[in-house]
Amino acid sequence: MTSPFKKKYIIPVVASALLFVGVSFKDDFFEIAKQIEIFTTLFKELNKNYVDETNPGDLMDKAIKGMLVSLDPYTVYFNEQDVLKFKINNTGEYTGIGATVTRKEDRLIIREPYKNFPADKAGLKAGDEIIQIGDILLSDFKDDASQLFRGAKNTKIDIKYIRQGKTNATQIILDEVAIKSVPFFGKIDDKTGYIVLSRFNQKASLETKEALEQLKREGVERIILDLRGNPGGLLNEAVNICNLFVPKDEIIVTTKSRIEKHNNTYKTSREPIDTAIPLAILVNGMSASASEIVAGALQDLDRAVIIGSRSYGKGLVQRPVDLTYGTQLKVTISRYYTPSGRCIQALDYAHKDKNGVAIKTEAKNYNAFKTRKGRTVYDGGGIQPDIELEETKWSSITQALQKNDGIFNYATVYYYKNPNLGNQIPTFTDADFQDFKQYLKTQKFSFDTETELALKNTLAVAKKEKIDESINLEYQQLLNVLQKSEENLLDKNKAEIKNLIVDEIIKRYQYQDGLYQYYLKNNSEIKKATSVLNNNTEYKTILKM
């Protein structure tokens with residue numbers, strides 16, 4: 001039953017909402033006021049009359065999220081706990097354990113502990129499954145478990161975790177964790193520098209500037225900026241990073257909206273570090289948002305050669321709006337456009353197919369644009385590289401392995417079978433690859449490809465209709481054929497899969513730093529970028545210099 005206190009304050013709150021709506025949305029006042037009144041009446045009567053006790057907060061949370069899901073995946077509602085996490089992502093600083101974790105059913109999986117941070121100091125390794133934090137069993141805790149790791153610096157938290165089937169205990173001591181935007185930079189050769197930019201938080205441009213200046217002091221005359229896997233972040237930091245390489249007052253990105261105040265042009269505002277140093281930028285299908293602003297702007301200005309595969313295509317601009325009681329709305333307000341006029345956004349959320357999936361522009365409908373020196377570039381979502389590398393595009397079978405942790409889980413097993421590898425680079429032979437395939441079989445690994453899921457759904461429907469016995473033989477035959485096909489795909493994409501396994505194994509022994517050191521000499525995209533930068537004629541030909 002709803003308390004009298006809750007009932008008493010529903011009407012005044014709605015009245016205030018209507019007043020606000022009337023001021024801010026005069027053109028649609030009647031329709032908006034009408035819909036709010038309908039919803040408020042429904043919400044009040046539901047809480048008052050429903051047969052069981054309701055949770056008004058939970059109902060409202062679901063109602064808000066249900067409303068927003070019909071728009072785009074970036075317009076989201078943050079409760080008080082979410083607001084804290086959002087601020088952490090933007091500032092790059094928080095008190096915590098210093099590890100990437102994911103929730104899986106009743107446990108937290110350590111994906112990657114960062115060197116010398118609390119989780120690492122406590123002895124936690126990638127693949128460890130946390131089952132208890134303090135006195136709380138995660139099987140009994142359905143909310144965001146990361147909040148259980150919050151506290152002041154030096155707070156001690158006891159945890160229990162499973163490693164290789166055995167339950168262990170340790171204690172994590174919380175500390176300040178600075179999430180670096182530039183986790184690594186170094187020299188590929190005497191004249192070529194390499195900078196990894198992994199996120200755009202408030203320190204992104206400063207850290208990139210410091211890395212660039214340090215490399216130049218060490219004699220570097222060419223730069224590779226690695227934006228692969230960078231999901232984006234702060235817009236102003238993308239502009240500032242471009243400003244390191246282009247002059248003051250250069251247009252980097254434009255935002256366009258139906259609301260005039262959200263139409264903006266962002267220009268560089270500082271003196272650059274180096275406007276002439278040859279520059280290559282690496283992108284892939286997971287480079288998004290601010291990464292695409294940097295790559296797109298420097299491509300349009302003919303300032304850098306872009307190498308890799310087409311970027312993600314996240315060109316929708318969000319703005320946080322503070323709400324009452326410490327909550328927040330992150331709302332899409334406009335779209336990004338590169339200096340040549342290209343829209344970065346790939347998916348059209350205003351137009352969806354019969355399954356409710358946003359429509360993506362077909363290549364035949366891409367529009368052509370011109371860079372400053374007259375090169376032709378295209379829209380269609382994301383940034384298309386000047387040099388596209390097929391090896392950067394994952395096959396469907398590899399995507400399935402990554403999505404369902406086939407490679408991650410195998411690397412965990414490999415690590416404990418080979419505890420003394422240390423700083424050595426693993427030699428992953430064809431025999432090792434056969435061992436990997438056998439591991440997938442013994443674990444009954446499910447690739448969950450579209451075909452496999454469709455087949456399983458067919459059997460599920462057949463069971464529901466009680467006709468599964470009559471089709472079971474045919475089902476098993478199809479499943480066997482499908483599994484054989486998946487095994488063939490594993491062999492067909494062996495080189496690609498082996499590279500990813502080696503990458504994951506290196507991280508287990510040598511952390512991120514070791515992986516980047518390995519990349520300097522062995523990564524195909526970096527090799528290609530180095531080759532282009534070392535060939536001044538090719539570099540200038542691409543950019544029409």
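Position 1 is the first residue of the sequence; numbering continues from there.
With sequence neighbours excluded, the residues that form a side-chain contact (heavy atoms from CB on, under 4.5 Å) with Leu137 are Gln132, Ser139, Asp140. By the ring-ring contact (aromatic ring centres under 6.0 Å, His included) test, Tyr519 pairs with no residue at all, sequence neighbours left out. Looking at residues two or more places apart in sequence or on another chain, you find no ring-ring contact (aromatic ring centres under 6.0 Å, His included) involving Tyr511. Take Phe445 and apply the ring-ring contact (aromatic ring centres under 6.0 Å, His included) test, not counting sequence neighbours, and it matches Phe447. Every residue was checked against the salt bridge (charged side-chain N to carboxylate O under 4.0 Å, His left out) condition with Glu237, not counting sequence neighbours, and none meets it. Judged as a side chain to side chain donor-acceptor pair (under 3.5 Å), and not counting sequence neighbours, the contacts of Asp491 are Lys437. Applying the salt bridge (charged side-chain N to carboxylate O under 4.0 Å, His left out) test to Lys62 and every residue at least two apart in sequence or in another chain returns Asp58. Residues satisfying the salt bridge (charged side-chain N to carboxylate O under 4.0 Å, His left out) test with Lys494, not counting sequence neighbours, are Asp430. Remark: Lys209 pairs with Glu213 by the salt bridge (charged side-chain N to carboxylate O under 4.0 Å, His left out) rule, at least two apart or across chains.
Checking side-chain atoms of Glu129 against main-chain N and O of Arg107 turns up no donor-acceptor pair under 3.5 Å. For Thr327 (side chain) and Phe78 (main-chain N/O), no donor-acceptor pair under 3.5 Å exists by modelled atom type. The backbone N or O of Phe428 lies less than 3.5 Å from a partner atom in the side chain of Lys498, making a donor-acceptor pair. The backbone N or O of Gly229 lies less than 3.5 Å from a partner atom in the side chain of Asn284, making a donor-acceptor pair. Without hydrogens or angle criteria, Ser205 side chain to Ile241 main chain gives no donor-acceptor distance under 3.5 Å. Without hydrogens or angle criteria, Glu292 side chain to Gly313 main chain gives a donor-acceptor distance under 3.5 Å. No donor-acceptor pair under 3.5 Å is formed between the side chain of Asn201 and the backbone N or O of Arg199. A donor-acceptor distance shorter than 3.5 angstrom exists from the side chain of Arg103 to the backbone of Glu105, with no hydrogens or angles considered. Listed for the Gln443 side chain is no donor-acceptor partner under 3.5 Å among the backbone atoms of Leu440. Between the Asn523 side chain and the Ile526 main chain, a donor and an acceptor come within less than 3.5 Å of each other.
Applying the ring-ring contact (aromatic ring centres under 6.0 Å, His included) test to every pair with at least one member in residues 159-189, sequence neighbours left out, gives these pairs: Phe184-Tyr516. Applying the ring-ring contact (aromatic ring centres under 6.0 Å, His included) test to residues at least two apart or on different chains, the pairs with a partner in residues 408-427 are Tyr410-Phe436, Tyr410-Tyr439, Tyr415-Tyr509. Sorted by first then second residue, the salt bridge (Lys or Arg N to Asp or Glu O under 4.0 Å) pairs that include residues 401-424, not counting sequence neighbours, are Arg111-Asp405.
The environment of Arg319 atom CZ is sparse: at most 12 non-hydrogen atoms of other residues, nucleotides or ligands sit within 6.0 angstrom. More than 12 heavy atoms of other shown residues, nucleotides or ligands fall within 6.0 angstrom of atom OH in Tyr336.
Shortest non-hydrogen contact noted between Leu197 and Asn230 is O-ND2, 2.8 Å. Between Gly382 and Arg310 the shortest heavy-atom distance is O-NH1, 3.4 Å. Counting all heavy atoms, side chain and backbone alike, Leu235 lies closest to Val253 at CD1-CG1, 3.6 Å. Shown here for Pro118 and Val177, the closest heavy-atom pair between the two residues is CD-CG2, 4.3 Å. Closest heavy-atom contact between Thr255 and Ser334: CB-OG, 3.5 Å. Here the shortest heavy-atom pairing between Gly151 and Leu174 reads N-CD1, 3.5 Å.
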- side chain to side chain donor-acceptor pair (under 3.5 Å) assessment of Thr412 paired with Asn409: CA-CA 5 Å; Thr412 301; Asn409 291 339; 5.1 Å; no

- Task: Any chance you could lay out the side chain to side chain donor-acceptor pair (under 3.5 Å) test for Glu496 and Ser395, step after step, and finish with the verdict?
- Result: CA-CA 8 Å; Glu496 173 182 273; Ser395 63; 2.9 Å; yes

- Message: Determine whether Thr100 and Tyr114 satisfy the following criterion, side-chain contact (heavy atoms from CB on, under 4.5 Å), listing intermediate values before the conclusion.
- Response: CA-CA 8 Å; Thr100 303; Tyr114 299 126; 2.7 Å; yes

- Give the C-alpha distance, both sets of side-chain angles, the deciding distance and a yes or no for side chain to side chain donor-acceptor pair (under 3.5 Å) between Arg150 and Thr155. CA-CA 9 Å; Arg150 292 184 190 139; Thr155 298; over 6 Å; no

- Message: The test is side chain to side chain donor-acceptor pair (under 3.5 Å); show your working for Asn47 and Thr54 and say whether it passes.
- Response: CA-CA 6 Å; Asn47 281 279; Thr54 60; 2.8 Å; yes

- Query: Should Ile501 and Ile407 be marked as a side-chain contact (heavy atoms from CB on, under 4.5 Å) after you check the CA-CA gap, both sets of side-chain angles, and the distance that decides it?
  - Reply: CA-CA 6 Å; Ile501 293 173; Ile407 290 174; 4.0 Å; yes

- Query: Could you go step by step and tell me if Asp503 and Lys507 meet the salt bridge (Lys or Arg N to Asp or Glu O under 4.0 Å) rule?
  - Reply: CA-CA 7 Å; Asp503 288 355; Lys507 282 196 297 183; over 6 Å; no

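A side-chain donor from one of Thr332 and Asp72 sits under 3.5 Å from a side-chain acceptor of the other. Between the side chains of Ser70 and Tyr349, no donor-acceptor pair of N or O atoms lies under 3.5 Å.
With respect to the salt-bridge test (charged N to carboxylate O, under 4.0 angstrom), the residues Lys216 and Asp274 qualify. Comment: Glu487 engages Lys441 in a salt bridge, judged by a side-chain N to carboxylate O separation of less than 4.0 angstrom. Looking at Lys115 and Asp120, no side-chain N of the basic residue comes within less than 4.0 Å of a carboxylate O on the acidic one, giving no salt bridge.
Taken from CG in Asn499 to CG in Asn522, the straight-line distance is 9.0 Å, to the nearest 0.5 Å. Atom OH of Tyr194 sits about 10.0 Å away from atom OG1 of Thr530, to the nearest 0.5 Å. Separating the CD1 atom in Ile109 from the CD1 atom in Ile162 is a distance of 8.5 Å, to the nearest 0.5 Å. Considering CD1 of Ile293 and NZ of Lys314, their distance stands at 9.0 Å, rounded to 0.5 Å.
A side-chain contact (heavy atoms from CB on, under 4.5 Å) with Ile281 holds for exactly one of Ile224, Ile383, Leu225; it is Leu225. Of the residues listed (Leu489, Leu490, Val502), the one engaging Ile497 in a side-chain contact (heavy atoms from CB on, under 4.5 Å) is Leu490, and it is the only one. When each of Ile130, Leu108, Ile136, Ile157 is checked for a side-chain contact (heavy atoms from CB on, under 4.5 Å) with Leu148, only Ile136 meets the rule.
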